[in-house]
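These notes are about the structure you will find just below.
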Amino acid sequence: MADVCDIQALIKKAEITHELTKCEIVALLTDNQYEADFFAAADRVRREYVGDEVHLRGLIEFSNICKQNCLYCGLRRDNKKVDRYRLDTDTIIDFAGKAKSYGYRTVVLQSGEDECFDVATMVTIIKKIKELGLAITVSVGEKPREVYQAYREAGADRYLLRIETTDKELYEKLDPGMSWDNRVRCLQDIKELGFELGTGCLVGIPGQTIESLADDILFFKKMDADMIGVGPFIPNPDTPLAAETGGTFDLSTKVMAMTRLLLPDINIPATTAMESLNPQGRVLALQRGANVVMPNVTEGEYRQMYLLYPGKICINDTPAHCRGCITGKIQGIGRKVSEAYGFRKKHA
Ligand code: SAM
Ligand code: SF4
Ligand code: FES
């Protein structure tokens with residue numbers, strides 16, 4: 001374990017060079033004494049590279065039907081307690097139009113892996129939303145390269161697929177029937193096809209080590225990801241991981257802050273799961289390296305049915321209310337909601 005002086009030197013090294021070894025990342029993630037300095041460094045790097053503006057992305061959760069069975073997720077196919085829904089094309093486009101009217105410049109189309117949304121349907125949805133002048137992030141799981149290509153050609157700008165963990169063995173244990181190598185293949189295809197690549201990890205999944213979190217951060221760097229979402233794992237009582245402990249807010253924000261230090265110019269959301277653990281979670285995350293928030297713009301009762309984990313915020317609120325709420329929080333810390341699309345501006 002590094003001593004006190006080493007920790008401060010490491011924080012400085014990360015802030016100036018944006019390069020650390022795995023061993024150095026582990027030392028910083030395990031330190032508790034200089035957390036405030038560490039977070040302050042991430043906040044400075046955030047300000048220097050991506051500025052004070054916060055980009056909002058409106059999240060449309062359009063289907064909670066999923067063919068996969070990830071042990072941690074409330075939407076897993078074996079969870080019989082979920083009321084399943086799937087929005088039709090017109091409703092999805094209507095929600096996107098409403099998001100635009102609330103001032104969003106990007107919508108995120110997210111769902112379980114629902115085969116009913118075939119390529120033609122998704123292409124129609126993407127094209128129609130594009131006509132509204134919105135940027136589009138798609139987050140619908142693993143697909144063959146040709147499918148990603150069709151989404152891209154239809155106008156999708158970004159794709160979000162978390163690696164969840166770079167520990168292959170752990171990944172394949174927690175995501176039964178799925179292959180870690182295929183997930184990496186998906187991420188490579190997404191990058192090659194010219195999407196902005198979003199990935200990320202869960203913090204605190206059972207069996208995960210600090211070393212493996214350090215590997216996750218180095219993996220984000222190696223992939224040259226454009227967006228990284230880090231969130232605590234929150235145990236869901238209707239899943240096989242019901243009795244597990246879950247991730248903490250502090251460790252999740254540490255992994256996020258480390259990501260900002262090592263990938264200084266990317267977009268990093270203050271995640272919903274962070275605020276589900278801590279009522280000030282998103283504001284604190286915005287002060288520890290984040291520059292994006294993804295408020296829910298799904299209308300009506302569907303919000304309560306997309307329940308990945310208990311305590312998810314905003315499930316009883318309206319998109320209009322959330323828009324005002326998050327704007328107030330952002331302005332409350334002296335930051336500003338961006339009016340731009342918020343693509344990554346790569347730093348030379
Ligand atoms: N099905 C797509 C996928 O898996 O990429 C997109 C939807 S999935 C619900 C979005 C993210 O939710 C996953 O990448 C996972 O990290 C997160 N998630 C699922 N269960 C969770 C839990 N119990 N706690 C925190 N995050 C969770
Ligand atoms: Fe399905 Fe995604 Fe949940 Fe896995 S994390 S069960 S793929 S919705
Ligand atoms: Fe939904 Fe605050 S963002 S209630």
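Hydrogens, waters and symmetry mates play no part in the numbers below; they use all other heavy atoms, side chains included. In each ligand, atom 1 is the first atom listed, and ligand 1 is the first ligand listed.
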So, 2.8 Å as the limit: is an N/O/S atom of C70 located closer than that to atom 3 (Fe) of ligand 2?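 No N, O or S atom of C70 is closer than 2.8 Å to atom 3 (Fe) of ligand 2, so no.
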
Identify whether L307 and L71 are in the same connected component of the hydrophobic contact network (ILVMFWY, side-chain heavy atoms under 4.5 Å).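 Different hydrophobic clusters.
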
Output the list of atoms in ligand 3 that are nearer than 4.0 Å to some heavy atom of [X], sorted by atom number.
X    : result
C314 : 1 (Fe), 3 (S), 4 (S)
H321 : 4 (S)
D317 : 4 (S)

Can you report which non-hydrogen protein atom sits closest to [atom], along with the distance?
atom                    : result
atom 24 (N) of ligand 1 : I234 N, 3.0 Å
atom 16 (O) of ligand 1 : E164 OE1, 2.7 Å
atom 9 (C) of ligand 1  : L308 CD2, 3.3 Å
atom 3 (Fe) of ligand 2 : C73 SG, 2.4 Å

Against heavy atoms of Y306, which atoms of ligand 1 measure under 4.0 Å? 7 (C), 9 (C)

For L202, take its heavy atoms, then give the atoms of ligand 1 lying under 4.0 Å from any of them. 16 (O), 25 (C), 26 (N), 27 (C)

With backbone taken as N, CA, C and O and side chain as the heavy atoms from C-beta onward, which portion of C73 lies under 4.0 Å from ligand 1: side chain, backbone, both, or neither?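 It is both parts that get close, each with some atom under 4.0 Å.
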
Would a search of protein heavy atoms around atom 11 (C) of ligand 1 find one under 4.0 Å away?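 So far as the 4.0 Å threshold goes, atom 11 (C) of ligand 1 is out of reach of every protein heavy atom.
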
